[in-house]
Structure formats: structure tokens, C-alpha cells
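This structure is a prediction, so every number in the text was calculated from the model and none was measured.
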Amino acid sequence: MMINIYNYFIEKISELGAWCIQCTRSCGVAILMLGEAILNFRKIPKRRNQIGILLYTVGIRSFGVTSVVALFTGMILSLQAGLELRKFGQEVNVGVIVSQTMCREMGPFMTALILAASVGSMMAAELGTMKVSEELDALEVMGISTNEFLIMPRVLAMLIMTPILTIYTNLIGTIGGGLVANTQLHLNWLSYFNNVLTLLHMKEIYFGLFKAAIFGLQVSAISCFQGITTTNGAIGVGKATRESVVLSFLYVLITGYMLTRIFYD
């Protein structure tokens, strides 16, 4: 009996070790892939048409869902913060709370999650389909770098558009907060926005944009890596798409906390 228990624990520890090794290897390959894509930025003029299409796909086509999410995020923040501040007669300060929270945390965070769910999954599915249909192998045979042709434009598009969409998210969220402050808390627009403009520091905005850029690189790297390592046909494409979204969510959460902890420590 004791021998069986011992063998069971040894087996599970071995499986855990193998999983850790595989995760470390995958992270290393993804980081190298991302580094190569960044080095290929010097070839942007050569791929400008493809990059333009991706900028439109990542940015313009995401404005709709981003607007709705940002508006209601700001409204929820304003309502919850305002109800508590009203107990102390400080509801006039709801503007700075909403704007700082949006710029520092919720803006880049919600934007990254939206892009991971919509654009990141699309990237993983596209590259995964190309992988299982051997299109990536065909490109290599023709002497075309898959990183330069497929990955670099996607990484660049996410790097550019994530901070831009974050600025838009911050703006819409702050306006949504003002709408709730005016209708629910009976705070006039002038007092609300005066509080925002007076007390919101630029470092909050810059820090949020920095986080957004990091999130954009993470989401694009994870999605592209999951796509180009797809196996097992259509089932593998579905698995790669799902894992790209799940991993993107996890890494955005963990990285967001670590960056905030380091910056505000």
C-alpha cells in the first residue's frame, strides 16, 4: 500500500515537472518569436499594406464593443464610488476616482481583454488554420519569412492600436462616469469635469498607456505563438484559439498587478 502511494506521488511530481519544463520552453520560444518580430520592424515599409489592413482590423473594427464596455465600466465605477462618497458628503470627488481608475487600471485592462477575445482569437485561428493546412511550410519553402510576413505585422498592429484604444476607453469611461454622476448623484457636469482636470495626474495616463503597450505585445505574442504551434487539424485550431484567449487573460491580469506593484511601491 505504501509503495503504491509512493509511486503515485512520484508519478504526479514527474508530470508536474514535465509540465513546468514544457511551459518554460513555450515561454522561451514565444519570447524569441516576439524579439524577432520587433527586429523585423525595420521592414515595415515592405509590409505597409498588410500592416494597414491589420491596423483597421485591430482598431477601427473594435471601436463598437470598446465603446459599450468603456461606457458601462465608467458608469459602474461612478455609481459604486459615488454611493460610498455620498455618505461622507464627498461625491464631488467621484470624477477623479473614476478617471484615475480608468487611466491607471481599468482602461488598459478592459481594452486588452477585448482585444484578446476578439482580435487575439482571430489571429490564433488564422495562423492555426495556415499551420494545419501546411501554408506556413509552403511559405518557408518559397523563402518567405513567416515572422516577417505574418507575425511582425500583427505584433506591430497590436502595439500601436492598444494604447490608442486605451485612450478612447479612458475618455468614454470618464464620460460615462459623468453621466451617472449627473443623473444619479445630482452632480453638475462642470463640477465633475473640473474635479477630473484638476486632480488627475499625467503620470496616471502615461502609466496606463505603458501598460497598454505591454498588454498589446503580450496578447499578440501569445496569440501568434498558439497559432503557429497548432497541431491535430480542426480540433487543434479550436484548442489553440481557446488557449490563446485564456492565457492572454491570465497574463494580462498577472502582468497588470506586477506593473502596478512595481510602479507604486
- [ ] Please check if any side-chain donor atom of Thr174 sits under 3.5 Å from a side-chain acceptor atom of Ser99, or the reverse.
- [x] no
Task: Pairwise side-chain contact, Met33 with Ile228, heavy-atom cut-off 4.5 Å (strictly under) - done: yes
Task: Working for side chain to side chain contact (heavy atoms under 4.5 Å, CB included), residues Val69 and Thr169 - done: CA-CA 8 Å; Val69 172; Thr169 300; over 6 Å; no
Open item on the list: Contact between Leu77 and Gln80 at the side-chain level, heavy atoms closer than 4.5 Å - yes or no?
Closed with: no
Open item on the list: Counting C-beta onward and ignoring hydrogens, is there a side-chain heavy-atom pair between Ile205 and Leu200 closer than 4.5 Å?
Closed with: yes
Task: Pairwise side-chain contact, Phe63 with Leu165, heavy-atom cut-off 4.5 Å (strictly under) - done: yes
Open item on the list: Over 60° means perpendicular and under 30° means parallel, so tell me whether Phe207 and Phe263 are parallel, tilted or perpendicular.
Closed with: parallel
TODO: Quick one: pull up CD in Glu126 and OG1 in Thr230 and give me the separation to the nearest 0.5 Å.
DONE: 12.0 Å
Task: Distance-only donor-acceptor check, side chains Lys211 and Thr260, under 3.5 Å - done: yes
Task: Side chain to side chain, Leu54 and Leu156, heavy atoms closer than 4.5 Å - done: no
Open item on the list: Once rounded to the nearest 0.5 Å, what's the spacing between atom NZ of Lys239 and atom OG1 of Thr241?
Closed with: 12.0 Å
Open item on the list: With a 4.5 Å cut-off on side-chain heavy atoms, are Val58 and Ile160 touching?
Closed with: no
Task: Distance, nearest 0.5 Å, that separates CG of Leu259 from CZ of Phe210 - done: 6.0 Å
Open item on the list: Looking at Ile235, I'd like to know if its CD1 atom is crowded, meaning that more than 12 non-hydrogen atoms belonging to other residues, nucleotides or ligands lie closer than 6.0 Å.
Closed with: no
Open item on the list: If you compare all heavy atoms of Gly120 against all heavy atoms of Val219, which two are closest, and at what distance to 0.1 Å?
Closed with: CA-CG1, 4.3 Å
Open item on the list: Does any part of the side chain of Met158, heavy atoms only, come nearer than 4.5 Å to the side chain of Arg154, both counted from C-beta?
Closed with: no
Task: No-hydrogen, no-angle side-chain donor-acceptor test under 3.5 Å, Ser67 and Tyr168 - done: yes
- [ ] Treat each ILVMFWY residue as a node, draw an edge where side-chain heavy atoms are under 4.5 Å apart, and state whether Val98 and Ile76 are in one component.
- [x] no
Task: Distance (rounded to the nearest 0.5 Å) between Ser145 OG and Asn40 CG - done: 5.5 Å
Task: Audit row: Tyr56, Ile51, side chain to side chain contact (heavy atoms under 4.5 Å, CB included) steps and yes/no - done: CA-CA 9 Å; Tyr56 172 80; Ile51 292 171; over 6 Å; no
- [ ] Take atom CZ of Phe72 as the centre, draw a 6.0 Å sphere, and report whether it contains more than 12 heavy atoms from other residues, nucleotides or ligands.
- [x] no
Open item on the list: Under 4.5 Å between side-chain heavy atoms, counting indirect links through other Ile/Leu/Val/Met/Phe/Trp/Tyr residues: same cluster for Leu115 and Leu250 or not?
Closed with: no
- [ ] Ignoring hydrogens and angles, state whether a donor on the side chain of Arg47 or Gln50 is under 3.5 Å from an acceptor on the partner side chain.
- [x] no
Open item on the list: Is any side-chain heavy atom of Ser118 closer than 4.5 Å to one of Arg61?
Closed with: no
- [ ] Would you sort out whether Gln90 and Asn93 count as a side chain to side chain contact (heavy atoms under 4.5 Å, CB included), showing the intermediate values?
- [x] CA-CA 6 Å; Gln90 295 294 320; Asn93 291 319; 3.0 Å; yes
TODO: Determine the interplanar angle of the Trp189 and Tyr192 rings, folded into 0 to 90°, and report it as parallel if under 30°, tilted if 30 to 60°, perpendicular if over 60°.
DONE: perpendicular
